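Since we're looking at a predicted model, the values are computed, not measured. We use all heavy atoms of the structure for the numbers below, so side chains are in, but hydrogens, waters and symmetry mates are not. One-based numbering, in listed order, for ligands and for the atoms of each.
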Amino acid sequence: MLNLILFGPPGSGKGTQALRLVERYQLCHISSGDLLREERANNTPLGQEAQKYMDAGQLVPDAVVIGMISNKIDQQWDSIKGVIFDGFPRTAAQAVALDEMLAQKNTQINQVIALEVSLEELTQRIVERGKVSGRTDDTAETVVKRYEEYQNKTLPVAQHYKQQNKLVAVKGEGSIDDITAALSTVVDHNIGQ
Ligand code: B4P
């Protein structure tokens, strides 16, 4: 099994690159952001709970996100070769929970790839996306809050996996194709190709 985490600040290209890697390596894509937006679109109690946090640029509470991801893993597990986690884990508690979920399935995270992008570039991308996405959290004001949440709550996830010698950083600025190529080099190395 090959289990990867795409890590990085909001707007660093996790979702963009995950879609490409999923196709290349035939993995299952689990994006916490996409799942939360799906819950919102379906107006479920979970989606209603998540909405107020997302709109404010805050992280959704751990218990909500961990339960949602655990269900998703259980639903998909029997038919997959591995997973790309995109946007999850986003707190140290989520990382611990994910490690436990995978250990119960006799597997683990193989690699965490961190996309490095400057705050200026992140802001520009998110504001640009906001013109077409219809996402209420894609505004210049919310980006500041989302970045603060990343610095305070999400960076410890990198530390968690650094201690396990699983963290690799890749420059997330440049053309989307070049970044996919850099990520693929890391993954190929991991699977011994
Ligand atoms: P996410 O859906 O994870 O959103 P994101 O961080 O904005 O996206 P990403 O980094 O994937 O960027 P993308 O590829 O789209 O989270 C949204 C919210 O959900 C969070 O704020 C939080 O409230 C909640 N949430 C999600 N997961 C959670 C969790 N685990 N715990 C708690 N709360 C959680 O790229 C962004 C833009 O840049 C796109 O427009 C793209 O086209 C462009 N782009 C990408 N690569 C580029 C490049 N190389 N050059 C130029 N532009 C590029």
Can you sort out which atoms of ligand 1 are near Pro9, meaning under 4.0 Å from one of its heavy atoms? 10 (O)
For Ser12 and ligand 1, answer yes if some heavy atom of the residue is under 4.0 Å from a ligand atom, otherwise no. yes
Pull out every atom of ligand 1 sitting under 4.0 Å from any heavy atom of Gln94, numbered as shown with elements. 29 (C), 30 (N), 31 (N), 32 (C)
Report, in ascending order of atom number, the atoms of ligand 1 lying under 4.0 Å from any heavy atom of Gly87. 27 (N), 28 (C), 29 (C), 30 (N)
Going from CG on Asp178 to CD on Glu173, what distance comes out if it is rounded to the nearest 0.5 angstrom? 13.0 Å
Would you mind running through ligand 1 and noting each atom that sits below 4.0 Å from a heavy atom of Pro10? 6 (O)
Any heavy atom of Ile179 under 4.0 Å from ligand 1? The part involved is side chain
Using heavy atoms and a threshold below 4.0 Å, how should the contact between Leu36 and ligand 1 be classified: side chain, backbone, both, or neither? side chain
Could you tell me whether the side chain of Arg24 and the main chain of Thr180 form a donor-acceptor pair under 3.5 Å? no
Could you tell me, atom by atom, which parts of ligand 1 come under 4.0 Å of a heavy atom of Arg129? 7 (O), 12 (O), 13 (P), 15 (O), 35 (O), 36 (C), 39 (C), 40 (O)
Is it true that Arg37 lies under 4.0 Å from ligand 1, counting heavy atoms only? yes
Out of all atoms in ligand 1, which are within 4.0 Å of some heavy atom of Gly174? Include the element for each. 48 (C), 49 (N), 50 (N)
Before signing off on this row, confirm whether Lys14 and ligand 1 have an N or O atom pair separated by under 3.5 Å. yes
Is Arg135 close enough to touch ligand 1? Criterion: a residue heavy atom under 4.0 Å from a ligand atom. yes
Counting only nitrogen or oxygen atoms and a 3.5 angstrom limit, does Gly11 reach ligand 1? yes
Remaining members of hydrophobic cluster (4.5 Å side-chain criterion), Ile176: none
Ligand 1 and Ser31, any nitrogen or oxygen pair closer than 3.5 angstrom? no
The atoms of ligand 1 lying under 4.0 Å from a heavy atom of Gly15, numbered in the order shown, are 9 (P), 11 (O), 14 (O)
Answer side chain, backbone, both or neither: which part of Gln17 comes under 4.0 Å from ligand 1, heavy atoms only. neither
Residue part near ligand 1, for Met54, under 4.0 Å between non-hydrogen atoms: both
Taking only heavy atoms of Gln58 into account, list the atoms of ligand 1 that are under 4.0 Å away from them. 22 (C), 23 (O)
Could you walk me through whether Phe85 and Ile73 pass the side-chain contact (heavy atoms from CB on, under 4.5 Å) check? CA-CA 10 Å; Phe85 292 96; Ile73 290 179; 3.9 Å; yes
Is the contact between Val65 and ligand 1 made by the side chain, the backbone, both, or neither, using heavy atoms and a 4.0 Å cut-off? side chain
Is the NZ atom of Lys105 crowded by more than 12 outside heavy atoms at less than 6.0 Å? yes
